[in-house]
Amino acid sequence: MTHVNRIFIERDGSPLFVLGAQSRNSSGYNDAESDAAFRAVKALHGNTLEIPVYWGQVEPEEGRFDFTAVDALIASARRHGLRLVLLWFATWKNGDMDYAPDWVKRAPERFKRVVSPTGWAIWVLSSHCRANWEADRRAYVTLCQHLKDHDQDQRTVIAVQIENEPGILGSDRDYGPEGQADYEAPVPDALIAILQAAVQGPVYDLWQATGAHAAGNWSEVFGQAGGELMTAWSIATYIDGLAEAGKAAYDLPMYVNVWLGENGWAIPGESYPSGGPVSKVLDIYKTFTPHVDLIAPDIYIADSRGYEAILATYARDDNALFVPESAPGRSNAWLLFRALADYNAIGYAFFAVEHIFDADGAIHPDLQPIVDSMRCTSAAIPLLLKYQGTDQIHAVVQEEDLAAQRMKLEGYTGMAEFHSGLRDFAASDWRHLRSGATRGRGLVFQAARHEFYVVGAGFRLALRPDEAPERALDPTLTNHALLTRQAHYISVDEGHFDADGEFIVDRRRNGDEFDLGIWVSADTGVVRAVLCD
């Protein structure tokens with residue numbers, strides 16, 4: 001069993017699976033905009049809204065703080081029965097300084113900016129400037145203290161994201177005096193020691209390619225990549241200092257999100273913010289952010305191979321997988337089940353949740369698959385909390401042109417068959433949504449040898465006992481016309497889990513409704529099947 005490090009906790013101390021969405025970046029400004037986001041999360045069957053808090057909004061004048069907007073968000077979340085993850089937009093938001101206060105933006109001689117190779121200062125605060133860090137730290141600590149004073153008992157705010165997609169857009173590093181001094185300084189001994197003990201990894205490979213030097217400055221140790229790696233070290237230590245100070249005020253889970261490097265030409269400072277925790281420098285972040293609970297990828301990759309590569313990179317023994325921001329496109333409606341079952345994601349959220357509604361206030365047809373998948377996931381949260389990290393959970397994902405997906409189960413072979421012809425006709429009854437041509441996706445849980453739970457849409461699960469060939473083909477023991485009848489069902493029930501995690505039966509299916517297997521649609525809730533030899 002793989003350990004699943006769950007950093008998100010319910011008010012009563014039990015683990016929480018975060019399922020929700022992130023608002024548009026403007027939604028924290030007033031009650032009307034944030035209310036649309038809260039309503040959308042409820043329609044999405046989520047339990048958490050991720051929403052920004054702006055440094056410039058809470059500290060409009062240096063040393064004067066105004067948490068009116070934060071208090072309004074907390075009050076709205078309580079009214080809607082949702083949790084909050086606050087996104088601290090401060091030194092960085094998507095590789096620049098747009099959300100810093102006006103008094104910071106107007107004082108570049110004090111709050112220094114990154115200097116590009118041409119010698120021009122760009123619209124990014126420098127991580128090498130002590131005044132930048134001290135100002136951000138003071139505001140962040142004040143926010144954390146405010147949350148402790150006003151929310152510690154109810155714990156509506158369950159976590160804080162420190163900065164947003166940090167890094168530098170417009171340069172690979174800071175060429176100003178402070179940045180140049182750090183670039184020419186020796187690579188920290190702690191990083192060299194980790195590389196000497198390592199056997200693989202992108203930072204290790206760069207070190208080896210440049211001669212595996214035991215000492216030297218960033219250029220000598222890492223060659224051409226030295227600027228990006230030095231910037232990663234600088235930003236990681238900057239953010240970790242914020243996390244350490246923030247947790248001293250209020251010990252909430254804190255994480256950093258990532259603008260991925262697997263984009264376009266993959267050039268730091270151009271394709272993505274240089275120095276952010278992209279896969280190339282993830283080992284540096286994990287070394288220099290001991291007070292940060294996890295590094296979380298924002299995934300806007302639609303192809304399954306690229307998507308899974310990101311999951312594999314960030315789902316590490318030292319880094320629980322949390323996807324705080326993903327594309328609202330259709331592909332994530334299927335691929336999220338891989339994150340849940342195969343990579344033990346402890347939470348998942350979509351971006352721009354307000355857009356699930358069309359102009360008439362109905363669910364936008366293009367986004368219905370996402371709503372359906374979130375509905376299925378929400379129904380299965382008690383099972384995810386219980387079985388993640390084991391071999392008892394399986395993802396069902398219908399790739400293009402895939403007719404069926406086979407899975408190995410204890411004592412059985414499972415076959416997720418996707419809808420077509422007679423099987424589509426028999427897939428559901430009049431009480432439930434017809435899946436039609438929707439691509440199949442969902443989860444299968446094997447709670448015990450003869451007990452299964454299924455959620456999803458667009459497929460039926462056929463179960464066949466693992467038998468010796470002579471028994472499996474014995475005409476006196478099986479019905480060759482309907483091979484799925486080789487599984488002997490005691491019961492097949494539609495139901496849900498109550499607040500105590502107990503399965504409540506809402507409706508028992510009859511034999512005609514499971515002759516061809518266990519079918520699911522987005523509105524069936526959880527289907528439990530109990531079999532016997």
Side-chain angles (χ1 to χ4, degrees), residues 90-98 100 104-137 163 165-195 202-203 206-207 209-242 256 259 261 265-278 280-285 287-289:
T91 297
W92 294 280
K93 196 280 181 183
N94 293 31
D96 66 30
M97 56 182 285
D98 278 341
V104 170
K105 295 174 180 175
R106 291 193 174 110
E109 68 288 344
R110 178 183 170 196
F111 302 108
K112 295 183 179 179
R113 302 173 187 173
V114 170
V115 176
S116 73
T118 64
W120 289 97
I122 60 178
W123 194 245
V124 185
L125 290 171
S126 174
S127 60
H128 305 278
C129 175
R130 182 75 180 180
N132 293 342
W133 180 81
E134 288 176 345
D136 193 335
R137 177 190 57 80
E163 313 298 346
E165 296 182 351
I168 302 170
L169 278 181
S171 183
D172 67 319
R173 65 178 179 90
D174 183 1
Y175 289 79
E178 293 87 350
Q180 188 65 28
D182 280 340
Y183 182 65
E184 294 175 354
V187 172
D189 292 339
L191 181 54
I192 296 294
I194 286 174
L195 293 174
V203 179
L206 290 167
W207 178 60
T210 316
H213 299 297
N217 63 31
W218 291 90
S219 177
E220 292 166 342
V221 174
F222 294 111
Q224 184 176 334
E228 180 182 6
L229 270 61
M230 183 275 294
T231 304
W233 160 79
S234 177
I235 293 176
T237 54
Y238 186 110
I239 291 175
D240 191 68
L242 299 179
V256 181
W259 177 332
W265 296 102
I267 297 174
E270 177 184 320
S271 306
Y272 60 91
S274 182
V278 298
K280 182 194 304 182
V281 301
L282 185 54
D283 288 337
I284 291 178
Y285 267 80
T287 300
F288 292 101
T289 56

Parallel, tilted or perpendicular: which one describes the rings of Trp218 and Trp233, with boundaries at 30° and 60°?
tilted
Rounded to the nearest 0.5 Å, what separates atom CG in Asp182 from atom CG in Asn217?
11.5 Å
Would you please test Met97 and Val124 for side chain to side chain contact (heavy atoms under 4.5 Å, CB included) and show each step?
CA-CA 5 Å; Met97 56 182 285; Val124 185; 5.7 Å; no
Closest heavy-atom contact between Thr210 and Gly223?
CG2-N, 3.7 Å
To the closest 0.5 Å, what do you measure between CH2 (Trp92) and CH2 (Trp259)?
15.0 Å
Enumerate the salt bridge (Lys or Arg N to Asp or Glu O under 4.0 Å) contacts for residues 212-221, please, sequence neighbours excluded, ordered by first and then second residue.
none
Just to verify, what does Lys112 make a salt bridge (Lys or Arg N to Asp or Glu O under 4.0 Å) with, not counting sequence neighbours?
Glu178
Quick one: do Leu195 and Phe222 satisfy side chain to side chain contact (heavy atoms under 4.5 Å, CB included)? Show the steps, please.
CA-CA 12 Å; Leu195 293 174; Phe222 294 111; 3.7 Å; yes
Given side chains that start at C-beta, do those of Pro166 and Thr91 come closer than 4.5 Å, heavy atoms only?
no
Any chance you could measure Asn94, atom CG, to Glu165, atom CD, to the nearest 0.5 Å?
4.5 Å
Could you grab the distance from atom SG of Cys129 to atom CZ of Arg110, nearest 0.5 Å is fine?
9.0 Å
Testing the basics here: between Ala225 and Leu206, what is the closest heavy-atom pair and its distance to 0.1 Å?
CB-CD1, 3.9 Å
With a 6.0 Å cut-off (strictly less than), is the heavy-atom count around CD of Gln180, excluding the residue itself, greater than 12?
yes
Leu191 side chain near Trp207 side chain, heavy-atom distance below 4.5 Å
no
Non-hydrogen atoms of Leu169 and Pro273 that approach each other most closely:
CD2-N, 3.8 Å
Using the side-chain contact (heavy atoms from CB on, under 4.5 Å) rule, pick out the option among Ile235, Leu229, Thr231 that qualifies with Val281.
Leu229
Report the residues that fulfil salt bridge (Lys or Arg N to Asp or Glu O under 4.0 Å) with Glu163, sequence neighbours left out, ordered by chain and then residue number.
none
Asp136: which residues meet the salt bridge (Lys or Arg N to Asp or Glu O under 4.0 Å) condition with it, sequence neighbours left out?
none
Tyr272: partners by ring-ring contact (aromatic ring centres under 6.0 Å, His included), with sequence neighbours left out
none
For residues 107-132, pull every pair meeting ring pair (Phe, Tyr, Trp, His ring centres under 6.0 Å), keeping only residues two or more places apart or in separate chains.
Trp103-Phe111
Closest contact, heavy atoms only, Val115 versus Asp174
N-OD1, 2.9 Å
Given 3.5 Å as the limit, does a donor-acceptor pair link the side chain of Trp133 with the main chain of Ser127, or not?
no
Rounded to the nearest 0.5 angstrom, the CG-CG distance for Leu125 and Asp96 is 9.5 Å
Distance from Ser116 atom OG to Ile122 atom CD1, nearest 0.5 Å?
6.0 Å
Looking only at non-hydrogen atoms, find the nearest pair between Arg173 and Val114 and report the distance.
O-CG1, 3.8 Å
Any donor-acceptor pair under 3.5 Å linking the side chain of Thr287 with the backbone of Asp283?
yes
Of all the heavy-atom pairs spanning Ser171 and Ser274, show the shortest one and how long it is.
O-CB, 3.5 Å
